[in-house]
Trainee: 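Pasting in a structure now, in structure tokens, and then I'll have a few things to ask.
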Amino acid sequence: MNHLIDAFDVLLDPESWSGPGGFGVRMLEHLWYTALALIISAAIALPVGLMVGHTGRGRALAVISTGLVRALPTLGLITLAALFVGIGLTAPMIAFVVLAVPSILAGAYAGVESVSPATTDVAKAQGMSGWQVLLRVEIPLGLPLIIGGLRNATLQVVATATLAAYVGAGGLGRQLFLGLRTQDYPLMLAASIAVILLAIVLDACFEFSQRLLRRLLGLV
Amino acid sequence: MEWILNNLPRITDLTVAHLLLALPAVAAAFLIAVPVAWAANRVRPLREVLVSGTGLLYAIPSLPLFIVLPIILGTGVRDTFNVIVALTIFGLALMVRSAADALDSVDSGVRLASTAMGYSPAKRFFSVELPLAGPALLAGLRVVSVSTISLVSVSAVLGVQSLGSLFTDGFERGIVPSIAAGILLTAVLALLLDLLLIAAGRVLMPWSPGGGR
Amino acid sequence: MAIDFRNVTKTYPDGTAAVENFTLHVPSHTCTVLLGSSGCGKSTLLRMVNRMIDPSSGAVLIDDNDVATTEPVALRRRIGYVMQDSGLLPHRRVIDNIATVPRLTGASKADAHRRAQELMEIVGLDAALARRYPKQLSGGQQQRVGVARGLAADPNILLMDEPFGAVDPLVRVELQRELQRIQTDLRKTIIFVTHDIDEALTLGDQIVVLKKGGEVAQIGTPENIVEAPANDFVAQFLGLDSARRSLKAAPREGGGWLVSDGRGRPLGVVDSAPDQQHATD
Amino acid sequence: MRMYPAACAGIALLTLSACGGGDPLETDDDAATDDGDSAELVIGSQQYYSNTIIAEIYAQVLENEGHEVQREFEIGQREVYIPELESGAIDVFPEYTGNLAAYLDPDIDSGDPDSVHADLQEVLPEGLETLDYADATDQDSYVVTAEFAEENDLTTVADLAEVDEDLSIAANSEFETRPYGIGGLSETYGVELTLVPVEDSGGPLTLGALLDGDVEVANIYSADPAIEDNDLVILEDTESLVLPQNVVPVVSENVDDEARAALNEVQNVLDQQALLDINAHSQSTQDSPADVAQWWLEDQGMLD
């Protein structure tokens, strides 16, 4: 447990936060990687997920493939990709996108599917086109679940973004690997705690926005 | 392919080792999550704390946990027990929420009816609520089993043998088939375990169409 | 077995009173219907009998024994309970659902199943349905299973909480008829909760009309209530004020009488003179 | 605010679930490996393919001499296996003189192989001994491409100071703090480098970064055949900044004289070229460590 106390000492020391290699810069890098991975994943997964939910077509395929992709070990993906593309952000970004897509995809189609058929039927009966039903009924009503998918993906990517440092990129993984390789366990613990705190803050933001949304949509 | 055939005995050993780490962790996560979820549902103020708290365990980066855990516990790093504990923690992160939701989703009418018929609370839990939560519990268990199988490989960085050893070794020597085989086998293992769970659901829960969702 | 409610009150922690100072005698071997719209506390009263809810004050007595002195689980096993949506255990086959209470009280599986088969016959269920799961039955069949299950332990008391509330009108009438037939044979003490007047008039030996908060508007036989509603609330509830139940009869060509309600809507035909009939529907 | 109790619960749960029942397995483990009186020798190895091959060579040589051998290979960290060596759970472990000495005493001075080996004897825990060290070393070295060396006229590490551009080096992250790393280079040679951490211990990624021009310098181990294959230049460490890393077996008291003699025989033929050959063979054939070890021993005529 002494290591844990030392770790908090590291975190509370302003010096460890400053400088080009400090926790401050690393945390920003970490956030940036997470955001980038999420944007790319969402660009891929949201349209597909929404269409699967809307049309019901390809659902079985989506379920099976998301399950399969979940089974892919991130460490393996990063090392494999790195052998092909070299050091830098590309290899970890490929792995993070693979990691984030299933959650976002699942959230998207589950969100659309969660809208009761009675509601969409009414919308259709009022003369809405397929697109209008999707944009005006299914997406707004499914939004809490869709955001829930993004939330899960964010948590996973934040935790895994440490592995970016394994292949030459930055982020809080830098401190983590430095601690690991030099047996500086307080440093490693401090890095882990920083990652966890980051995850807690991001998760709280999502929780807040989901609550706000539910209230705005009158779902409470 | 040739590399795989040449190294088949080692790959087989690693696969077995992989399962020996993953399966106890999945089982332990399940067995711990159900009572925790039960308690969370019983004591409502506790629920948010327990469910979100265990959920956040998933935010712990896997690699440091594998290393830090034995330091905190004071056990040997290479002890497979540590890896199993770490995997169990990640399993709990997923399982507690789905177990809490599963137990919560049991139809209140059925619950009421069983109380009215004279089930004691304990008996009601085991013969009514638990089996009825079964399909949803199984759905959660399937996610846990897939993610655990895939997480095991990270422990290879510590020198605990698993299919992940195919990554670390392949990475150092630049053997692509080794890494590819590791990824492929991990996915296949996860798929097989998943199919096994689905089949078990069909047998154990014949009343639920498809045995699980 | 007679049931007595003595000055029972149920107040929830937030201060709302579901039932206030309610007193009622339910005679043995009869069917008492608690009639009222939702929120009148009728289900609360019903559940006090098997201690699913304990009153804040007052007592419920079965044959002069306060139920509060009986261990709830044992008490419940002696009292049949049938509810809306049947509350069947979806993971048990029909036969096992019916056999639940006998099994709980320690009957062997064979005995419990034998008893369940008898009950299926009593409630008019085809024996071929025994191996099905509840989801594979129609709504009406599920309710029959519910009734059979309520009767399985051969209880003297049967509590029925809007048991036929969720089935379509035709099946509902059929089930009511079935229940009347069963009651003729078995003579249980039944408390039956409903918000449906016609159902109350059909099944009740005694009807308790309830206002909000469990306040009694009137207690009486169906005849009492229709003939002499105690107040405007009862009259309104019965639909007497809207002329639905003030009947007129006019002679028919070729003998007999055509009966119509207060608004002139024809209801049916009687063969003999109306003054020789009771004014029931 | 709401998240705080949640996080605390998380940590509490972490410790809780972790504490339960750790001991049974552990005692089990000890029981399995602590059978001191049998003649069986337990050989360990680091999680590094080259180290595992050397361990396999030791194992096969000992088996050839009629010893019973048990293999406990690919153990990650020194924290893990040094205690196991001390407790007698492992009997033979291929090590590297400098790193082992630095692990046991972080303030150890650098120097020539002999002095480091001598210093190592001072800090070895009781009950452990080293045998002869081999000529072969596998040590951190500063490597540049041939073109870059030619362009900037580089032969020694000190020459890097003359290069008139920002230089970066690909190495494991510990390079940030180790005496032979960023700080040491600056202090001893006046060379300022930016670290690009790549965690493959001078493996294919580090090499790739160097060849792709992502970095100008790479930290690649001296026994890596990639240096020769890619025509890389090792910059001479004139000030002995890097600890010599001669291959040396650490043995416990359970290892008898006969076994020690057999191992020393291997040590005497294991020169730098031999280690390079072994590593190159492993990488080109992608064979298992056992096959590579057998190939080399047969080539040396050391198996009968």
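We name chains A, B, ... by the order of the sequence lines, and we start the count at 1 in each one. Since we're looking at a predicted model, the values are computed, not measured. Quick note: numbers below take in every heavy atom, side chains included, and nothing from hydrogens, waters or symmetry partners.
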Trainee: Taking Gly170(A), Ala165(A), Ala169(A) one by one, which has the highest count of heavy-atom pairs under 4.5 Å against chain D?
Mentor: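 Ranked by contacts with chain D, first place is Ala165(A).
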
Trainee: Could you tell me the separation between the OH atom of Tyr166(A) and the CG atom of Asp200(D), rounded to the nearest 0.5 Å?
Mentor: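 These two atoms lie 7.5 Å from each other.
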
Trainee: If I measure from the heavy atoms of chain D, does Ala82(A) come under 4.5 Å with its side chain, its backbone, both, or neither?
Mentor: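 Both backbone and side chain.
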
Trainee: Working to the nearest 0.5 angstrom, can you tell me the gap between Leu178(A) CG and Arg178(D) CZ?
Mentor: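 Nearest 0.5 Å value for the CG-CZ distance: 9.5 Å.
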
Trainee: Quick one: of Leu195(D), Thr206(D), Asn172(D), who has the most non-hydrogen atom pairs under 4.5 Å with chain A?
Mentor: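 With the most close heavy-atom pairs to chain A, the winner is Asn172(D).
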
Trainee: Nearest 0.5 Å, please: how far is CG in Asp212(D) from CD1 in Ile87(A)?
Mentor: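 Here the interatomic distance stands at 8.0 Å.
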
Trainee: Is there a side-chain contact between Arg174(A) and Ser173(D) in this structure, where contact means two heavy atoms from C-beta onward sitting under 4.5 Å apart?
Mentor: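 A side-chain contact is absent here, since even the closest heavy-atom pair is not under 4.5 Å.
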
Trainee: Just how far is it from atom CD of Glu199(D) to atom CG of Leu163(A), taken to the nearest 0.5 Å?
Mentor: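 Output value for this atom pair is 10.5 Å.
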
Trainee: If I measure from the heavy atoms of chain A, does Ser201(D) come under 4.5 Å with its side chain, its backbone, both, or neither?
Mentor: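 Side chain only.
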
